[in-house]
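See below for the structure under consideration.
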Protein chains: 2
Amino acid sequence: MVDVARHAGVSLKTVSRVVNKAPNVQQELVDRVLAAVDELGFRRNQLASALRSGQQTSTVGLLIEEIANPFYATIAQVAAEVAAGFDSLLITASSEEDPVREERLLRDLCARRVDGLLVVPAGYDHSFLRAEVEQGIPVVFLDRPAGGLVADTVLLDNRGGARAGVEHLLGEGHRRIGVLLDSIGVYTMRERLGGAQEALGAAGLPYDSHLVCDGVRDPVTAAQAVAQMLDAPDPPTAFFALNNRITVGVVQELWHRNSTASVVGFDDFELSHLMPLPLTVIAYDTRELARQAAELLFARIAKQNLWPRTVVLPTRLVNRGLR
Amino acid sequence: MVDVARHAGVSLKTVSRVVNKAPNVQQELVDRVLAAVDELGFRRNQLASALRSGQQTSTVGLLIEEIANPFYATIAQVAAEVAAGFDSLLITASSEEDPVREERLLRDLCARRVDGLLVVPAGYDHSFLRAEVEQGIPVVFLDRPAGGLVADTVLLDNRGGARAGVEHLLGEGHRRIGVLLDSIGVYTMRERLGGAQEALGAAGLPYDSHLVCDGVRDPVTAAQAVAQMLDAPDPPTAFFALNNRITVGVVQELWHRNSTASVVGFDDFELSHLMPLPLTVIAYDTRELARQAAELLFARIAKQNLWPRTVVLPTRLVNRGLR
DNA sequence: GTGAAAGCGCTAACAT
DNA sequence: ATGTTAGCGCTTTCAC
């Protein structure tokens, strides 16, 4: 900037004014400065700018589990769209469901002085963020609640959705329903399993541990679990898959066997309507989840010290069972 | 940091040394400083650190078209993995295929003093980046080449893949092959179309404009285009879809009609093996594409002024036609 | 081994 | 309307 000022024969401050499009600068000086900027290939250093002017790095951090998962990719997209409306960019970091990594990444993002944080938590304890929040970095949690910290949160109605899914299968007359879930360690899985059990209990069905399969990490494992359940005595006549990766594996195995068991899957996915079996899903609006979280974050950035809010978004059953 | 120094009864510089884990500091002072850091909730400001120490923001920029597209999400994931190995985070920005947006975002990333740039270009002219490159921000282009700028580039063998796809259909005896593409404005589409035409020409087939459909943006448009081609006189007996969104639309329409036309699609996708029709695809290793680009970028960041390289990665035909 | 002073590139607060 | 000065929070240089 000093060079530009010298080149244009004006003071450093005038260059600053021109670069920041401040009013009240003679057109002639503006032109001279811009010419010098062009000639010297000057680029304003936003780090220095942010450092001096207090805060506002125009950057927000997004912490998710895994960007290659379409659910998180959608969240990243919407968050970036909302951020763009506030002239901000997104630093996206993936925790891979590892609480240690999560904490390191969140601390790193804070050290970079992001204006705010959008977090899908992996761990159980986020009290380490309290210092940062008090120092003025707003945090909004989405999809899962924070642990040990009162903060803005946007969630899905996992419990209600799971209830609706099981009730749908009960309504079709099923009495033995296999439930498959990723990991009981994940909040959304616990909620969905809870909702399913509520519906099963309300229908007067006894708890049967053979009909609940935990630790189903991917489609292949799901297919194996289905095979095992079907080969056991008194097999299920329907399956409730608690996420879409599991759903795909269930469908694959049933199709492979020409089985006529019914399937309801939690989470819709892009090609669900092209699956070789009729498939009913519990759908929700991922974009809306991200939009609400991002807008809440920017509201907090603009105006702090509001009471934390928790928003719960509805799910809906999409019946593709009639084919 | 001043506060911490006062609190610990040491100089500012000693705090800096401790925070940066510099050697040659008495253990007693280290302990006192760390205690003060904890007590005051001190967090090193990485902006100030980067500003003073010259460069190294430990941040790289990734410019893609659309993060919700699984192809780009995979690139973002791998880039983040490689970056993590160099203690760096990723700022991901989406141009939405808009060259104006692309230029604004790239300039913004440079203003934030990212250490390097990973770019899937949308526009044709990237000469505006020359100044930044000369100022020491390395840039690696991937999936598509840069315009008006000599730079490191990692590409796929689009042309060879398309040739192989068409040759596969010719080998099955097809002589009327419908080709559907997104937009001739996109580099990869031009290359793939070029490869397809090379194979068709080599087989002695005349050019027939009715068999090439441009502007197929999404599965619905693809389905409509297929319907129109099939309803025309002398319809195609096979289709070559130049990307996976088109492939999905083609499959959907053929399945809907119980058509027995063959399909080859460029790009593999997650559920391609569960499609209701036999589907052969031209696959490639997206992770490898991103890995090579990211590692090249970090090599350039570590050691500049090397001659720009262009790497072309192979594609392979995955035959799922026998079902 | 530790500290004082200077300054990275910029902007806020004040002159002029 | 323009320029001068101080200083954001940190690291570098060099003296102790």
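Computed over heavy atoms, backbone and side chain alike; hydrogens, waters and symmetry mates excluded. A note on names: the letters A, B, ... follow the listed sequences, proteins ahead of strands, and every chain is numbered from 1.
- Residues passing the side-chain contact (heavy atoms from CB on, under 4.5 Å) test with A:V2, sequence neighbours excluded: A:R6, A:L12.
- Residue pairs meeting the side chain to side chain donor-acceptor pair (under 3.5 Å) criterion with at least one partner in residues 57-68 of chain A, sequence neighbours excluded, are A:T57-A:D115, A:T59-B:R112, A:E65-A:S95, A:E65-A:R144.
- In this entry the distance linking CG of B:D3 with P of D:dC8 reads 11 Å, nearest Å.
- Applying the salt bridge (charged side-chain N to carboxylate O under 4.0 Å, His left out) rule to B:R300 yields the partners B:D152; only residues at least two apart in sequence or on another chain are considered.
- One finds a salt bridge joining B:E103 and B:R107 here, because a Lys/Arg side-chain nitrogen approaches an Asp/Glu carboxylate oxygen to under 4.0 Å.
- By the side chain to side chain donor-acceptor pair (under 3.5 Å) test, B:N69 is found to be paired with no residue, residues two or more places apart in sequence or in another chain being considered.
- In this structure B:R43 satisfies the salt bridge (charged side-chain N to carboxylate O under 4.0 Å, His left out) test together with A:E132, sequence neighbours excluded.
- Taking only side-chain nitrogens and oxygens, B:T14 comes nearer than 4.0 Å to OP1 or OP2 of C:dG3.
- Partners of A:R217 according to the salt bridge (charged side-chain N to carboxylate O under 4.0 Å, His left out) rule, which considers only residues two or more places apart in sequence or in another chain, are A:D182.
- For residues 118-127 of chain B, the side chain to side chain donor-acceptor pair (under 3.5 Å) pairs, not counting sequence neighbours, are B:E102-B:H126, B:D125-B:S127.
- At whole-Å resolution of the value, CZ in B:R32 and C1' in C:dG1 are 13 Å apart.
- Comparing the axis of the opening five pairs of the helix from C:dG1-D:dC16 to C:dT16-D:dA1 with that of the closing five pairs yields an angle of 30°, rounded to 10°.
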Task: Sequence-aligned protein contact record of nucleotides 8-16 of chain C, with B where the base is within under 4.0 Å of a protein heavy atom and S where only the sugar-phosphate is - done: BBBBBB---

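- Near-neighbour residues of DNA chain D inside residues 21-31 of chain B, defined by a heavy atom below 4.0 Å, are absent.
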Using a 3.5 Å cut-off and no angle test, enumerate the donor-acceptor pairs between side-chain atoms of residues 74-88 of chain B and protein atoms at least two apart in sequence or in another chain.
residue: B:T74; atom: OG1; partner: B:P70; partner atom: O; Å: 2.8
residue: B:E81; atom: OE1; partner: B:R287; partner atom: NH2; Å: 2.9
residue: B:S88; atom: OG; partner: B:F86; partner atom: O; Å: 3.3

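- By the side-chain contact (heavy atoms from CB on, under 4.5 Å) test, B:T92 pairs with B:L62, B:I64, B:I67, B:L90, sequence neighbours left out.
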